[in-house]
Amino acid sequence: MPLEIKNYNEMKTKQFILTVMVIVLAASVFATDKPKMNIIPLEDTKALVAASQATPSVNQISIVSEEGQMVYFKESKKEMEGYKQIFNLSLLSDGNYEVKLKTGTVTVKRGISIDQGIISVKPMETEYEPVFIFANNVLKVSYLNFEKEEVKIKVFNNEGLIYKSELGDNFALTQGYDFSKLEKGNYSVLLADNSHGYWFTVTK
């Protein structure tokens with residue numbers, strides 16, 4: 001049975017709900033404590049990675065190659081306000097890598113390149129995850145599309161893809177999906193653009 005989309009534009013009341021959802025999401029995202037990360041190249045192909053944030057949080061630090069291979073990953077065992085670590089990158093092949101620090105729904109990242117022992121560091125970028133809310137058989141999805149890429153959403157059950165839709169390339173994307181006519185069970189929802197993919201599980 002196809003998934004029905006709840007149309008928030010049918011009534012003025014629902015248009016108001018849509019507007020409120022976008023404003024609340026935008027406010028919460030910009031109010032989120034964005035961590036800061038600095039990478040300082042050292043001698044012997046080493047680099048100091050230092051990060052800080054005002055609110056203590058469990059952090060995940062990772063280094064990923066341009067081929068998508070994770071060469072380092074660590075998650076803090078407790079909430080912390082800062083992170084400092086010297087990495088010996090001499091065992092890595094020359095090429096491009098990305099250092100990522102994830103705290104809550106915010107990820108800051110900096111690209112680095114290694115060329116014959118010389119480390120170059122690119123400016124910091126920030127990535128915000130979408131917000132998924134499932135209640136009363138309706139899944140509400142909100143996403144701040146900073147890169148203005150084309151965003152798609154797909155829904156899967158245990159047999160495969162059952163629904164897909166184009167959300168567009170607007171900055172603030174908000175949509176609702178009515179699951180009331182679907183059978184009880186677990187559904188996997190994928191929101192993706194050209195660079196990122198985010199999964200959410202719906203259980204009804």
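Everything quoted here is computed from the prediction, not taken from an experiment. Both backbone and side-chain heavy atoms feed into the values below; hydrogens, waters and symmetry mates do not.
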*Testing Tyr187, Phe156, Phe132 for ring pair (Phe, Tyr, Trp, His ring centres under 6.0 Å) with Trp199, which one passes?*
Phe156

*Find out whether Asn145 and Asn170 are in side-chain contact, i.e. whether some heavy atom of one side chain is under 4.5 Å from a heavy atom of the other.*
no

*Is Asp193 reaching over with its side chain to a backbone N or O of Ser195, donor-acceptor style, under 3.5 angstrom?*
yes

_Please determine whether residues Leu92 and Leu42 belong to a single hydrophobic cluster, defined as Ile, Leu, Val, Met, Phe, Trp and Tyr linked transitively by side-chain heavy-atom distances below 4.5 Å._
no

*At what distance, to the nearest 0.5 angstrom, does CG of Leu191 lie from OH of Tyr198?*
8.0 Å

*Might you point out which heavy atoms bring Thr45 and Ile119 nearest each other, and give the distance in Å?*
C-CD1, 3.8 Å

*asked:* Measuring from atom OG1 of Thr55 to atom CD of Glu79, what distance do you get when rounded to the nearest 0.5 angstrom?
replied: 9.5 Å

*Can you find a heavy atom in the side chain of Arg110 that is under 4.5 Å from one in the side chain of Lys122?*
no

*Do the side chains of Val189 and Val151 join up, straight or via other hydrophobic residues, at under 4.5 Å, putting them in one cluster?*
yes

_Tell me the closest heavy-atom pair linking Glu147 and His196, and the distance in Å._
OE2-CE1, 3.7 Å

*From Ile153 CD1 over to Gln175 CD, what is the distance, rounded to the nearest 0.5 angstrom?*
8.5 Å

*Taking every non-hydrogen atom, the tightest pair across Asn88 and Lys46*: CA-CG, 4.0 Å

_Separation of Asn158 CG from Ser188 OG (nearest 0.5 Å)_ = 9.5 Å

_Passing option when Phe134 is tested against Val138, Asn137, Asn136 for side-chain contact (heavy atoms from CB on, under 4.5 Å)_ = Asn137

*Please check if Met124 and Phe87 belong to a single hydrophobic cluster, counting links between Ile, Leu, Val, Met, Phe, Trp and Tyr side chain heavy atoms closer than 4.5 Å.*
yes

*For Lys74, does the NZ atom sit with more than 12 other heavy atoms under 6.0 Å from it, leaving out its own atoms?*
no

*Contact check, side chains of Val202 and Phe179, non-hydrogen atoms, under 4.5 Å*: yes

*Which atoms form the tightest heavy-atom contact between Val58 and Glu75, and what is the distance?*
CG1-CG, 3.8 Å

_Heavy-atom closest pair, residues Leu167 and Leu173_ = O-CD2, 3.4 Å

*Which atom names give the shortest non-hydrogen contact between Pro35 and Val108, and what distance separates them?*
O-CG1, 3.4 Å

*Derivation and outcome, side-chain contact (heavy atoms from CB on, under 4.5 Å), residues Gln85 and Ile61*: CA-CA 10 Å; Gln85 178 80 30; Ile61 185 80; over 6 Å; no

_Sub-4.5 Å side-chain heavy-atom contact between Ser120 and Asp115_ = no

*Under a 4.5 Å cut-off applied to non-hydrogen side-chain atoms, are Lys84 and Leu48 in contact?*
yes

_For residues Leu89 and Val64: do they belong to one hydrophobic cluster (side chain heavy atoms under 4.5 Å, members Ile, Leu, Val, Met, Phe, Trp, Tyr)?_
no

*Side-chain heavy atoms under 4.5 angstrom apart, residues restricted to Ile, Leu, Val, Met, Phe, Trp, Tyr: same cluster for Val141 and Ile162?*
yes

*Asn38 side chain to Ala50 main-chain N or O, any donor-acceptor pair under 3.5 Å?*
no

*To the nearest 0.5 Å, what is the distance between CD1 (Ile63) and CZ (Phe73)?*
12.0 Å

*asked:* Quick check for you: to the nearest 0.5 Å, what is the distance between Lys184 atom NZ and Lys204 atom NZ?
replied: 8.0 Å

*Taking the side chain from Ser76 and the backbone from Asn59, do they hold a donor-acceptor pair closer than 3.5 Å?*
yes

*asked:* Checking salt bridge (Lys or Arg N to Asp or Glu O under 4.0 Å) between Glu127 and each of Lys102, Lys109, Lys100, which is the one that passes?
replied: Lys109

